[in-house]
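Worksheet: the structure to be examined is printed underneath.
Basis for what follows: all heavy atoms, side chains included, without hydrogens, waters or symmetry-related copies. This one's a predicted model, so the numbers in the text were calculated from it and none came from an experiment.
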Amino acid sequence: MVRKRRAAGRTTGRGKRAGVAALSAVVLAGAGTTVGTAGTAHAMSGGTQLPRPGAAPWLATLAVKGDGPLLDRASCGGALIAPDRVLTAAHCLAGGDVRTLEVHLGSSVLSKDPGTVRDVRGATLHPRYKLLPSPADPTNPAYASAANDLAEIRLSAPVREVEPLPVARHRPRPGTPVSIYSHGLTADPATSPPGRDVRADVLRRGDLTVRTHQQCAARTPAVVDEASVFCARDVRDEHAGRTPAAMCWGDSGSPLVTRGRRGGPELAGIFSFAGEAAGKACRPADAAFADVPALLPELTSGARTKGDR
């Protein structure tokens, strides 16, 4: 979510965590405080828990450096695409010092296993990344969406023990089954019972279906930039007795995975914003993802670099 970064620290208020998570901690994904100041941060409601070690070894969890529990410091998600490169949402990094972050790779249960840890050497935001005010309420950043919401993190040292996640060749077509992997919140703190712990300690997978642009745009007052964004949704949410997967605070930057021609996982998208842009945070809605195959070539040309020493 454009303000979706889950920041480090105790959840307060509307569930924003202090620390690194929310691009503008106010805008796209709303749930965390982010290293940046421009965007969103969310986590997943529903979905399937994946506590087994190695369930998604290429999954990255961004966290604010510190001595506190990783579960309290965790922010956005991401995906390892090369031994020293992680992709995440641009709104997770915009406006802040990326060197205050560390990256945890492959953790399935944050409270038990921190995974492989690396510092951040620097980062590059997509040169055309921008927030898009909602036509329904242009002055309210909580309803903003984003265009070209992709960033590349350069790690302090290569990760040799993890096989990077290959990038898909093209955007998945409407009707394609895809899955998002995330440690986001499991419910909106603002509407949850007092004292309920909504932090997502255990990794979750949400199984979604790619939507048409028309389907997605019709469901939200937010601007959906067709050139850089595509949408997916848990279309099985009408089935009785089943909790559909819904993006929530802390899911920002998390990878959307499709199956390649040989059946292996491939990175198709990076989570940007969802129901919060329509006032429906952490509830079933079309979720918008940065189109990684389309945006990565321009991103790696090296514009808007942050933090290299």
Side-chain angles (χ1 to χ4, degrees), residues 1-8 17 19-23 28-36 39-45 47 49-50 55-64 70-71 73-81 85-93 98 101-110 113-118 120 123 146 149-153 155 159 162 164-165 178-186 199-206 208 232 245-257 265 267-274 282 287-290 292:
M1 301 174 146
V2 173
R3 208 194 59 188
K4 299 170 181 165
R5 285 169 47 171
R6 208 179 73 185
R17 302 199 174 192
V20 179
L23 271 184
L28 299 178
T33 298
T34 152
V35 159
T40 309
H42 284 123
M44 193 188 309
S45 172
Q49 289 192 338
L50 302 174
W58 31 259
L59 178 73
T61 300
L62 278 59
V64 179
L70 175 58
L71 184 57
R73 298 183 289 111
S75 177
C76 291
L80 185 76
I81 63 163
R85 296 289 190 272
V86 166
L87 291 185
T88 188
H91 77 250
C92 290
L93 305 179
V98 297
L101 298 176
E102 60 189 20
V103 177
H104 296 252
L105 289 158
S107 175
S108 294
V109 182
L110 297 179
D113 177 16
T116 301
V117 185
R118 291 290 187 272
V120 175
D149 192 7
L150 190 66
E152 181 186 71
I153 292 173
L155 303 178
V159 178
V162 176
L165 182 63
V178 290
S179 297
I180 181 173
Y181 293 78
S182 177
H183 279 286
L185 303 187
T186 59
R199 298 173 300 176
D201 187 16
V202 178
L203 173 64
R204 289 175 182 249
R205 185 193 73 230
L208 314 176
M247 304 309 101
C248 189
W249 309 125
D251 285 333
S252 290
S254 295
L256 186 75
V257 174
L267 179 63
I270 289 291
F271 179 52
S272 181
F273 64 94
C282 307
F289 297 84
V292 173

query = Where is the tightest heavy-atom contact between S107 and G115, given as atom of each residue plus distance?
reply = CB-N, 4.2 Å
remark   = Heavy atoms of L59 and G78 approach each other most closely as CD1-O, 3.6 Å
message = Donor-acceptor check, side chain of S75 to backbone of A63, threshold 3.5 angstrom: yes or no?
response = no
request  = Could you check if a side-chain atom of L256 sits within less than 4.5 angstrom of a side-chain atom of L208, using non-hydrogen atoms only?
outcome  = yes
note = Heavy-atom nearest pair, A151 first then L93, reads CB-CD1, 3.8 Å
message = P114 and side chain to side chain contact (heavy atoms under 4.5 Å, CB included): which single residue from V109, L105, L70, T61 fits?
response = L70
inquiry  = Using 0.5 Å steps for rounding, measure from the NE2 atom of H104 to the CZ atom of R73.
reply    = 5.0 Å
note = Here the pair of heavy atoms bringing F289 nearest to I180 is CE2-CD1, 3.8 Å
request  = Answer yes or no: is there a donor N or O on one side and an acceptor on the other, between the side chain of H183 and the main chain of D201, under 3.5 Å?
outcome  = yes
ask   = Got a donor-acceptor contact below 3.5 angstrom from the D149 side chain to the A290 backbone?
value = no
remark   = When rounded to the nearest 0.5 Å, the distance separating CD1 of I270 from CD of E152 is 11.5 Å
query = Should L150 and V292 count as side-chain neighbours, where that means a heavy-atom distance under 4.5 Å?
reply = yes
Least distance between heavy atoms, F271 atom then A89 atom = O-CB, 3.8 Å
ask   = Rounded to the nearest 0.5 Å, how far does CG of L62 lie from CD of E102?
value = 9.5 Å
request  = Mind checking the CG-CG spacing from L87 to L165? Nearest 0.5 Å is all I need.
outcome  = 9.0 Å
task = Provide the closest heavy-atom pair for G253 versus T88 in the form atom of the first, atom of the second, distance.
result = CA-OG1, 3.6 Å
query = Going from CD1 on I81 to CH2 on W58, what distance comes out if it is rounded to the nearest 0.5 angstrom?
reply = 13.5 Å
task = To the nearest 0.5 Å, tell me how far L50 CG sits from S182 OG.
result = 11.0 Å
